[in-house]
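Throughout, a chain's letter reflects where its sequence line sits, starting with A, and its residues are numbered from 1. Owing to the predicted nature of the structure, the values given are computational and were not obtained by experimental measurement.
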Number of protein chains: 2
Amino acid sequence: MNPDVLRGHMDALLLSVLEREPLHGYAIIEALQERSGGALNVPTGTVYPALRRLERIGYLASEWATVGGRKRRTYRLTDAGRKQLEGERSAWREFTNVIGGVLRANAVAPG
Amino acid sequence: MNPDVLRGHMDALLLSVLEREPLHGYAIIEALQERSGGALNVPTGTVYPALRRLERIGYLASEWATVGGRKRRTYRLTDAGRKQLEGERSAWREFTNVIGGVLRANAVAPG
DNA sequence: GCCTACATATAGCCAGCCTACATGTAGGCT
DNA sequence: AGCCTACATGTAGGCTGGCTATATGTAGGC
């Protein structure tokens, strides 16, 4: 998958994957891979900065935890994040409708 | 529409709008607006460089014409462009399936 | 001791869409 | 004449955000 097309959709992906349950960065990457059937291999250099940005904005909150001797920063959706996710979903629908509509509009000129 | 999300889809949009008939830059912008129901207002600074890039790659070819005293550069799809458009369409389908799938996968964890 | 998986983090690169500006014609209104 | 809007093309430079490359450290298998 060409990385360019992820532009502007990372936030939606991250918020969406955290909707069900809180996860730490590494697990988020794995979750994205699983849910996309292996199509999404988002590098750590994309995910970690994005998570921090989303926390700074207020859509996510995090706590440190130590599991099996390893430190994890576990992220969860805030109320604002949950609301934002709704917005991201409707923006996604509009986006696909608009672009998809143009791509499909290859029939004979109307009227 | 957040400009970021157009990233990586401009080529598909331009090729698609030229599939039916050759058009000049200004008309392409209008066609995108019409076909998107007004949602797509792509600025000239995006379209003209993109058209030149697509011509350089070989997906488009152009000729100058004078209509009503105004000069137009009319672009048309090449065979390579037509082939590329097919690729862009299937890439679009895959893209929407992958992202859309993740955004919708908010149910309880499977099995 | 070495390698892989797990886990987080940052500096700097780069593609490509956008803003702002430059240039010019045609035609309407005053 | 002067001004404005629509038509029409083009470029320089900026910005943004995802990616590459790298650094750091633990746990466990071979």
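Per the geometry, CG belonging to N2(B) stands 12 Å off P belonging to dT16(D), to the nearest Å. At whole-Å resolution of the value, NE2 in H24(B) and C1' in dG24(C) are 15 Å apart. Going from atom CG of D11(B) over to atom P of dG16(C) covers 8 Å, rounded to whole Å. Following rounding to the nearest Å, I29(B) (CD1) and dA8(D) (C1') show an atom-to-atom distance of 9 Å. Put simply, OH on Y26(A) is 8 Å from P on dA5(C), counting in whole angstrom units. Atom-to-atom, CG of D4(B) to P of dG17(D) comes out at 5 Å; the value is rounded to the nearest Å. Distance NE2 (H9(A)) to C1' (dC17(C)): 14 Å, rounded to an integer number of Å. Between I28(B) atom CD1 and dC17(C) atom P there is a gap of 15 Å when expressed in whole angstrom units.
Not a single side chain to side chain donor-acceptor pair (under 3.5 Å) links R52(A) to another residue, sequence neighbours left out. Residues passing the salt bridge (charged side-chain N to carboxylate O under 4.0 Å, His left out) test with R7(B) are D4(A), sequence neighbours excluded. Partners of R82(A) according to the salt bridge (charged side-chain N to carboxylate O under 4.0 Å, His left out) rule, which considers only residues two or more places apart in sequence or in another chain, do not exist here. Residues passing the side chain to side chain contact (heavy atoms under 4.5 Å, CB included) test with P22(A), sequence neighbours excluded: T74(A), R76(A). The side chain to side chain donor-acceptor pair (under 3.5 Å) check on R93(A) picks up nothing, with sequence neighbours excluded. In terms of the side chain to side chain donor-acceptor pair (under 3.5 Å) criterion, E94(B) has no residue partners (sequence neighbours excluded).
No side-chain heavy atom of V17(B) sits under 4.5 Å from any side-chain heavy atom of L13(B). The shortest side-chain heavy-atom distance between L51(B) and R73(B) does not fall under the 4.5 Å cut-off. Looking only at side-chain heavy atoms (C-beta outward), V5(B) and W92(A) stay at 4.5 Å or farther from each other.
If you take CG on L18(A) and CD1 on I28(A), they are separated by 4.0 Å, rounding to the nearest 0.5 Å. Note that CZ of R35(A) and CZ of R20(A) are 4.0 Å apart. Values are rounded to the nearest 0.5 Å.
Using a 4.0 Å cut-off on heavy atoms, the residues of residues 38-54 of chain B that approach DNA chain D are T44(B), G45(B), Y48(B), P49(B), R52(B), listed by number. For residues 91-102 of chain A, proximity to DNA chain D is found at no residue, defined as any non-hydrogen atom under 4.0 angstrom from a strand atom. Contacts between residues 58-75 of chain B and DNA chain C, defined by a heavy-atom separation below 4.0 Å, involve G68(B), G69(B), R70(B), listed by number.
Secondary-structure stems of DNA chain C, taken as three or more successive Watson-Crick or G-U wobble pairs (i with j, i+1 with j-1) under a 3.5 Å distance threshold, comprise C:1-30 with D:1-30.
Under the side chain to side chain donor-acceptor pair (under 3.5 Å) criterion, the residue pairs touching residues 36-49 of chain B are Q33(B)-N41(B), with sequence neighbours excluded.
Other residues, nucleotides and ligands contribute over 12 non-hydrogen atoms within 6.0 Å of the CG atom of N2(B).
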Just distance, no hydrogens or angles: give the donor-acceptor pairs under 3.5 Å from side chains in residues 83-91 of chain B, sequence neighbours left out.
from: Q84(B); atom 1: OE1; to: Y59(B); atom 2: OH; distance (Å): 3.2
from: Q84(B); atom 1: NE2; to: E88(B); atom 2: OE2; distance (Å): 2.9
from: R89(B); atom 1: NE; to: L103(A); atom 2: O; distance (Å): 2.8
from: R89(B); atom 1: NH2; to: L103(A); atom 2: O; distance (Å): 2.9
from: R89(B); atom 1: NH2; to: E19(B); atom 2: OE1; distance (Å): 2.9
from: S90(B); atom 1: OG; to: G87(B); atom 2: O; distance (Å): 3.1

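On a pure distance criterion of 3.5 Å, a polar donor-acceptor pair joins the side chain of R7(B) and the base of dG16(C).
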